[in-house]
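All values below come from the heavy atoms of this structure, side chains included, with hydrogens, waters and symmetry mates left out. In what follows, every chain begins at residue 1, and chains take the letters A, B, ... in the order their sequences are listed.
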Protein chains: 2
Amino acid sequence: MDRKQLIVDAATESFSRFGYKATTMDQVAKIANVGKGTIYTFFINKEELFDEIVSNLIKEMKQAAESSVHPERSLSQNVSFALYQLLEFRKDHQLTIKLFQEGRDIGTRAVVDFMDRVEAAIINYIKEVLQRAIDKGEIKPCNPEVTAFAMFKLYISLIFDWEKTRQPLNKEEISRLFELYFFEGLSLG
Amino acid sequence: MDRKQLIVDAATESFSRFGYKATTMDQVAKIANVGKGTIYTFFINKEELFDEIVSNLIKEMKQAAESSVHPERSLSQNVSFALYQLLEFRKDHQLTIKLFQEGRDIGTRAVVDFMDRVEAAIINYIKEVLQRAIDKGEIKPCNPEVTAFAMFKLYISLIFDWEKTRQPLNKEEISRLFELYFFEGLSLG
DNA sequence: AAATGACTATATTGTTCATTTAGTCATTTT
DNA sequence: AAAATGACTAAATGAACAATATAGTCATTT
């Protein structure tokens, strides 16, 4: 069987359960039923192994987002659905939750870098979607980079920060808030 | 002369220069030209001293905001001016900058508590302004608490996070973004 | 009566040393 | 011969302890 895949699976498993720092290469080898040296025939070091897994994760997220975006729908509908998708994705993926925790609480270097990469990937994706919408004249011209950044940060705040002190918002509420703030605006008529 | 005020001034000075943790009571006493014991005739402990200063700061911020909000102006204008005010305030007040840094980087307990208090005060203030605007029928009905929270978080992200990786936004740009996102919306006319 | 600073108990920081772990490589297995 | 392995090493980590720094007290001074 594919030893490389065994290793990747084992590492994903362990990172998801214990986080990056608390995962040892001995443990990965043991879970994968593989000698430790074997890992190093496929990956330069622990960080490279982690990198492979994070890259996969980002690809998956992109696919999840893409599957929910349809060009014939309006942008605000697409954003709404994509947000749903992202929320579902996070819920299903213990790995992202664990890593976000570790990044926030311990600040492990490699993990903070991971979070930055994920953030950059998501913002860049939103940016592209926005750019297309602007080109098609679907929304007002605006700086797509700042707008994507603002959407992402607000999204993260509503998910993580709001829950710290107040009753969590459900998906419908979050979706509705985005519609209201970013698309309709608070002004009357 | 007013020994209590001397102490408060000295402590403000030291907190602004070195942060909360790196400020010692000996240092405060020395700057204030006062025996250390004297500090404890006015304040229970270091945290109470800090508290007094933070309370003053919050009062000042509220006054600054109030001086820029005029009921006869539109909400979006008021928000725009208040943002200006807040940005100016931050620039002039080394203390807020230093403390925000310390809270983020070191996570000193008392400082994180301080940040939470400032955050709560600002959000509550925005909430009141929004509530009045809704009552007057100036903007669409919306949850004023979540909206205030969203405005605050977006503001903080644009000030602090955006600058980390990209060219800082100036006051006009930030003001314009708020106008666009929260009031006009991205949807076409 | 108010102010003070030497003093103490506690918290913080620096240091040492034992343990853990990433990564290597000589040996074994296929 | 090529791939896999795990005992081994050097480096990182962290626990335990020592040294220092600091918050807060209180007997003495002003």
From CA spacing to verdict: side-chain contact (heavy atoms from CB on, under 4.5 Å), A:Phe42, A:Val8: CA-CA 10 Å; A:Phe42 295 111; A:Val8 169; over 6 Å; no

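A cation-pi contact, defined as under 6.0 Å to the ring centre and within 45° of the axis, is absent between A:Lys46 and A:Tyr40. Figure legend: cation-pi geometry between B:Arg104 and B:Phe160, with NZ or CZ positioned under 6.0 Å from the six-membered ring centre and within 45° of its axis.
If you take CZ of B:Phe43 and P of D:dA23, they are 15 Å apart, rounded to a whole angstrom. At whole-Å resolution of the value, CG in A:Asp2 and C1' in D:dA4 are 15 Å apart. Computed from coordinates, the A:Asn45 CG to D:dA10 C1' distance equals 16 Å when rounded to whole Å. When the C1' atom of D:dA23 is taken as reference, atom CD of B:Glu48 falls 14 Å away, rounded to whole Å. For the pair B:Phe42 CZ and C:dA2 P, the computed distance is 9 Å after rounding to whole Å. Whole-Å rounding puts the B:Tyr40 OH to D:dT22 P distance at 12 Å. Going from atom CD1 of B:Ile39 over to atom C1' of C:dG5 covers 12 Å, rounded to whole Å.
For the pair B:Lys46 and D:dA23, the criterion of a side-chain N or O lying under 4.0 Å from OP1 or OP2 is met. In terms of phosphate contacts, A:Arg3 brings no side-chain nitrogen or oxygen within less than 4.0 Å of OP1 or OP2 of D:dA2. For D:dT5, the OP1/OP2 oxygens have a side-chain nitrogen or oxygen of A:Thr38 closer than 4.0 Å.
Out of C:dG23, D:dA23, D:dA4, the shortest distance to the side chain of B:Lys36 is found at D:dA23. The A:Val34 side chain lies nearest to D:dT5 when the options are D:dA23, C:dT4, D:dT5.
Residues of residues 6-33 of chain B that place a heavy atom closer than 4.0 Å to DNA chain D, in numerical order, are B:Thr23, B:Thr24, B:Met25.
Taking the six-membered ring where the residue is Trp, A:Phe89 and A:His93 present parallel rings, their angle staying beneath 30° rather than reaching 60°. The aromatic rings of B:Trp162 and A:Phe149 lie perpendicular to each other, with more than 60° between the two planes, well past the 30° mark.
Within the 4.5 Å cutoff, side-chain heavy atoms of A:Lys4 are placed close to those of A:Glu52. Within the 4.5 Å cutoff, side-chain heavy atoms of A:Leu180 are placed close to those of A:Leu186.
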Nucleotide-level pairing of DNA chain D, given in dot-bracket where Watson-Crick and G-U pairs need both distances under 3.5 Å and | marks other strands: ||||||||||||||||||||||||||||||

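One finds a salt bridge joining B:Glu13 and B:Arg17 here, because a Lys/Arg side-chain nitrogen approaches an Asp/Glu carboxylate oxygen to under 4.0 Å.
Taking the six-membered ring for Trp and the full ring otherwise, the centers of A:Tyr181 and B:Tyr181 sit at least 6.0 Å from each other.
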